[in-house]
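Remember, it's 1-based here, ligands and their atoms both numbered in the order they're listed. Small disclaimer: the values here were computed from a predicted structure and weren't measured.
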Amino acid sequence: MEDKITVALPKGRLFDQTVNLFVKSSILPKPLKPESRKLIVEDDKFRFLVVRAKDVPTYVEFGVADIGVVGDDVFLEAKPDVYRPVDLKIGACQIVVAGLPENRELYFSNPSYLKIATKYPNIAKEFFKSKGIKVDIIELYGSIELAPLLGLADFIVDIVETGTTLRENGLVVIEPIMPSSAKLIVNRASYKVQNQQIKNIIKQLEETVC
Ligand code: PRP
């Protein structure tokens, strides 16, 4: 009998969209119950791990999961050594620099130094390095929008999906960094060992997404 494929699924905003896509692609027979607190859900062919989005790259890179789903934001922050064969075209958002509208002028006045609050320290560092601006990164784990309101940082680097969080906190996009969407990622060894099963999953997803 073939080994089960272990799939790391992200909790949170991407979870329902990923599960729906997996059902639509006949990878999952029916949706996983969102109210369930079970972290491992199995059927005959698959073992699904329900993990924090930020941890998906770790599970897949270390081979605890064969495949997983991550946004570009999480992927580019972690830069795991994995294959990234399919753009799932879900979880679309933008990675941006945002701040108070009255600070727009400061941002575009060729500042030599800025304080940036973010959940994405690597993306933020790389982006400002490319602009030749020195930054102090203040790493936060959520509610990033508070930082410029309270003077903890000049600007934030964060994802924007609907724009509601920025709007409701009186912040605006100052400069877009890049678009982000969810990708399937595959452990390099699993791709070789379980090649046919994983190729089938990739094919099923590609056919549904295109
Ligand atoms: C993310 C992000 C923004 C918000 C953007 O946070 O950090 O705060 O979503 O989405 P919107 O443009 O649709 O309002 P998340 O909801 O993951 O919560 P967090 O603040 O706990 O990280």
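Judged purely by distance below 3.5 Å, without hydrogens or angles, the side chains of D136 and Y113 pair a donor atom with an acceptor atom. With no hydrogens or angles considered, no side-chain donor-acceptor pair links D158 and Y120 at under 3.5 Å.
With respect to the salt-bridge test (charged N to carboxylate O, under 4.0 angstrom), the residues R47 and D3 do not qualify. For the pair E175 and K131, the salt-bridge criterion is met [side-chain N within less than 4.0 Å of a carboxylate O]. E42 has a carboxylate O that lies under 4.0 Å from a charged side-chain N of K4, or vice versa, which qualifies the two as a salt bridge. Salt bridge status for R167 with E145: absent, with no side-chain N to carboxylate O gap under 4.0 Å.
Put simply, part of K119 is less than 4.0 Å from ligand 1, judged by heavy atoms.
The shortest contact between atom 1 (C) of ligand 1 and any protein heavy atom is with R13 NH2, 3.4 Å. From the protein, the heavy atom lying nearest to atom 11 (P) of ligand 1 is T162 OG1, 3.3 Å. Among all non-hydrogen protein atoms, the one lying nearest atom 21 (O) of ligand 1 is G142 CA, 3.9 Å. Taking atom 2 (C) of ligand 1 as the reference point, the nearest protein heavy-atom neighbour is D158 OD2, 3.3 Å.
Looking at I159 against ligand 1, both its backbone and its side chain come within 4.0 Å, counting heavy atoms.
Close approach of ligand 1 to T164 (heavy-atom distance below 4.0 Å) involves ligand atoms 12 (O), 14 (O). In the vicinity of E161, heavy-atom distances shorter than 4.0 Å reach the ligand 1 atoms 10 (O), 11 (P), 12 (O), 13 (O). Each of the atoms 4 (C), 5 (C), 8 (O), 10 (O), 11 (P), 14 (O) of ligand 1 lies under 4.0 Å from some heavy atom of T165. Close approach of ligand 1 to S143 (heavy-atom distance below 4.0 Å) involves ligand atoms 19 (P), 20 (O). Close approach of ligand 1 to E145 (heavy-atom distance below 4.0 Å) involves ligand atoms 3 (C), 8 (O).
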Item to check | Derivation and outcome, side-chain contact (heavy atoms from CB on, under 4.5 Å), residues F128 and V97 | outcome: CA-CA 10 Å; F128 284 101; V97 180; 3.9 Å; yes
Checklist entry - Do V51 and K11 pass the side-chain contact (heavy atoms from CB on, under 4.5 Å) test, and can you show the C-alpha distance, the side-chain angles, and the key distance before you say yes or no? => result CA-CA 6 Å; V51 309; K11 270 188 200 174; over 6 Å; no
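Considering both main-chain and side-chain atoms, V160 never comes within under 3.5 Å of ligand 1 through any nitrogen or oxygen pair.
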